[in-house]
2 protein chains.
Amino acid sequence: MEHDSGRRADLYEQLARIGKVVVHPKRIELLDLLCQAERSVEALAETTGLKLTTASAHLQVMRQARLVETRREGTRVFYRAAGEEVCRFVGALNDLARARLAEVDQILRSLGTDAAGTERVSRDELLARVQAGEVVVLDVRPAEEYSAGHIPGARSLPLEHLEARLDELDPDLEVVAYCRGPLCLLAPEAAALLRGRGRRARCLEDGLPEWRQAGLPVEEGVGTDGGSSGRNEARSSLRDRRTPRSSPAVGGRS
Amino acid sequence: MEHDSGRRADLYEQLARIGKVVVHPKRIELLDLLCQAERSVEALAETTGLKLTTASAHLQVMRQARLVETRREGTRVFYRAAGEEVCRFVGALNDLARARLAEVDQILRSLGTDAAGTERVSRDELLARVQAGEVVVLDVRPAEEYSAGHIPGARSLPLEHLEARLDELDPDLEVVAYCRGPLCLLAPEAAALLRGRGRRARCLEDGLPEWRQAGLPVEEGVGTDGGSSGRNEARSSLRDRRTPRSSPAVGGRS
DNA sequence: CTACTATTCTATAGATCTATGGAACATGAT
DNA sequence: ATCATGTTCCATAGATCTATAGAATAGTAG
């Protein structure tokens, strides 16, 4: 049974090509960002704190593994994740880390405003309460991620502006904030800040990638909300759009 | 918003700890094997063609990432995958490779008796046909993987013994062979061999890990089959055991 | 064409990883 | 205790990876 051992080794080498991307923390960070929205090299370098040439080098590695694709716009190059399998893979990596590495939970906990301390709202609960008009859904990620895709009816209010724009939120409604995923800290920080101001605020259990992968509807664009009280907008679109949740089961390598 | 950048970097470093495991082809191969069944260091070194000390070194890396655990039995140490999240992660890696790397399909195709050439049977179809008593389910993985877990009612007939023990199979029944997963070549080779002998034979779409992750029942032990015609045994146990398929949806990082 | 911008390519010093032989360790048998 | 066996630890040469400066490239605007 050794006639194809070379080929078989080739196969594992191909898998390792992908593994190579996630062996470097910064590349994981980049991939995480790209699962939220496309970005230029410059923007990526800036938000990850890398020198431009270094960021570019990392992106080349990711491109050779075919995990990202590019689009040119004038003189700028925009990178994006190459397909939902990539996001699913990153998701599996996150899950695995949370399940197996106690350190991850410790880090989250050590941040005070962490995932463990903040009560989480499930997708189902969110849907129910939104339909009952009881909550405002808040997307606290940077604006460009919001416009690349968000929960229908959610308001965009990036964490960095939350404090300044607090008065845009109806004090009588509970806020459910969400961000990039279970390991992302934006929503927990937002919720902590809001509760510090006497508001009722919780976090969604998942981030947008999980929402999308669950087959729930995703809306694109900057949204129609100009910055008013945002009470009605916050629950309009989700009302009847619940999809049959085609849920591509986890092991489903078709 | 820079007060926790250090912590955030720590988080990605933790993820990279896991990534480190899948950056080396041999480690992926080891992990793949360990998702099927536990094995001693010696056995792992032998089936992967590594020197003993090298295999041990790789296993240490995997252990430090908490992806594998050990059990001592006398003087031997048995390694196993540390939880189903690990197998799910490996599955996501495989999926991603198949989806994004054309090379993977090419390699599979170049093997002649490949995945692409062999018609695949879905899980649902298998269940239906087994219940109708139309097929024999054949586990062509090595015997120790069979006894670590197999599809209920499946016969164990490792590929390496298939030719010699061909007469154990009822020529009138179609055979559905399965192995480790979509990238594994055991079942396709078995099906090709069988068809070369005039039998009707196909492959299951997935391997045992996918079956297990779908929440379908898995049977352990060496099986009661002594080596007779295996016509009835081949469909007894699956008859009424279909579980409600708790299907932990893909994005479900609870 | 020239100037300018965003990005990629090239070269390289320094850091990290890999395979492996041999020593050390743990367990079980004598 | 002594030995045998299976595994892990240690040291190290050679291979690979990383960050980064500087040069080259591609697109845009005059």
Side-chain angles (χ1 to χ4, degrees), chain A residues 5 9 12-31 33-34 37-80 82 144, chain B residues 5 9 12-31 33-34 37-80 82 144:
Chain A
S5 62
Y12 287 112
E13 254 159 54
Q14 294 301 322
L15 298 195
R17 242 172 98 180
I18 292 174
K20 189 170 172 178
V21 170
V22 291
V23 79
H24 195 295
K26 288 294 183 187
R27 285 202 285 262
I28 303 176
E29 191 173 356
L30 288 167
L31 204 52
L33 287 170
L34 293 175
E38 66 168 20
R39 282 164 212 262
S40 69
V41 179
E42 193 175 33
L44 288 166
E46 216 236 319
T47 74
T48 56
L50 292 168
K51 286 252 161 40
L52 200 79
T53 55
T54 308
S56 178
H58 281 309
L59 289 167
Q60 295 313 311
V61 173
M62 294 164 74
R63 174 146 67 178
Q64 274 161 32
R66 313 274 181 80
L67 298 198
V68 299
E69 290 169 341
T70 56
R71 174 176 72 84
R72 236 197 146 102
E73 191 175 303
T75 169
R76 236 169 292 184
V77 175
F78 287 88
Y79 280 78
R80 65 172 177 280
E144 65 265 33
Chain B
S5 63
Y12 287 113
E13 254 160 55
Q14 294 301 322
L15 298 195
R17 244 172 98 179
I18 291 174
K20 189 170 171 178
V21 170
V22 291
V23 79
H24 195 297
K26 288 293 182 187
R27 285 202 283 261
I28 303 176
E29 190 173 356
L30 288 167
L31 205 52
L33 286 171
L34 293 175
E38 65 169 18
R39 284 165 211 262
S40 70
V41 179
E42 194 175 34
L44 288 166
E46 216 237 318
T47 72
T48 55
L50 291 168
K51 288 253 164 35
L52 202 80
T53 55
T54 309
S56 179
H58 281 309
L59 289 166
Q60 295 312 313
V61 173
M62 294 163 74
R63 174 146 68 178
Q64 275 162 31
R66 313 275 180 80
L67 298 199
V68 298
E69 290 169 343
T70 56
R71 173 177 73 83
R72 227 188 159 112
E73 190 176 305
T75 168
R76 236 169 292 185
V77 175
F78 287 88
Y79 279 79
R80 64 172 178 281
E144 64 265 32

Spacing between B/Arg76 atom CZ and D/dT5 atom C1', to the nearest angstrom: 9 Å
In terms of heavy-atom contacts, does CD of A/Glu46 have more than 12 from other residues, nucleotides or ligands at under 6.0 Å? no
Treat primed atoms plus P, OP1 and OP2 as sugar-phosphate and everything else as base, then score nucleotides 22-30 of chain C 5' to 3': B for base contact with protein heavy atoms under 4.0 Å, S for sugar-phosphate contact only, - for none. B----SS--
Ignoring hydrogens, what is the shortest heavy-atom contact between B/Ala45 and B/Leu52? Give both atom names and the distance. CB-CD1, 3.9 Å
Across all chains, not counting sequence neighbours, the side-chain hydrogen bond (donor to acceptor under 3.5 Å, both in side chains) partners of A/Arg27 are A/His58
Mind running a 4.0 Å heavy-atom check of residues 16-31 of chain B against DNA chain C and sending the residues that fall below it, in number order? B/Lys20, B/His24, B/Arg27
Steps toward side chain to side chain contact (heavy atoms under 4.5 Å, CB included) verdict (B/Leu34, B/Leu59): CA-CA 11 Å; B/Leu34 293 175; B/Leu59 289 166; 4.2 Å; yes
So, do B/Ile18 and B/Leu67 sit near enough that their side-chain heavy atoms are less than 4.5 Å apart? yes
So what does A/Leu50 hit on the nucleic acid, given a heavy-atom distance under 4.0 Å: a base, only sugar-phosphate, or nothing? nothing
Closer than 4.0 angstrom, basic N to acidic O: yes or no for A/Glu42 and A/Arg76? no
Nearest nucleotide by nearest heavy atom, which residue falls closer to the 5' end of DNA chain D, A/Lys51 or B/Leu52? B/Leu52
Minimum heavy-atom distance between A/Ala16 and B/His24, given as atom pair plus value: CB-C, 4.3 Å
Name every residue in residues 38-49 of chain A that has at least one heavy atom under 4.0 Å from any atom of DNA chain D, in order of residue number, or write none if there are no such residues. none
In short, B/Val21 meets B/Val61 closest at the heavy-atom pair CG2-O, 4.3 Å
Counting only N and O atoms by type, is there a donor-acceptor contact under 3.5 Å from the side chain of A/Lys20 to the main-chain atoms of A/Ala65? no
Members of residues 55-70 of chain B that approach DNA chain D, where some heavy atom sits under 4.0 Å away: B/Ser56, B/Gln60, B/Arg63
Can you name the closest pair of heavy atoms from A/Glu144 and A/Ala37 and give their distance? O-CB, 3.8 Å
note: A/Arg71, atom CZ; C/dT7, atom P; distance rounded to Å ~ 12 Å
For residues 50-66 of chain B, pull every pair meeting salt bridge (charged side-chain N to carboxylate O under 4.0 Å, His left out), keeping only residues two or more places apart or in separate chains. A/Glu103-B/Arg66
Considering non-hydrogen atoms only, spot the tightest contact between A/Arg72 and A/Gly74 and give its length. NE-O, 3.5 Å
Using a heavy-atom cut-off of 4.0 Å across all strands, would you classify A/Tyr79 as base, sugar-phosphate, or nothing? sugar-phosphate
Atom of A/Leu31, atom of A/Met62 and distance for their closest heavy-atom approach: CD1-CE, 3.4 Å
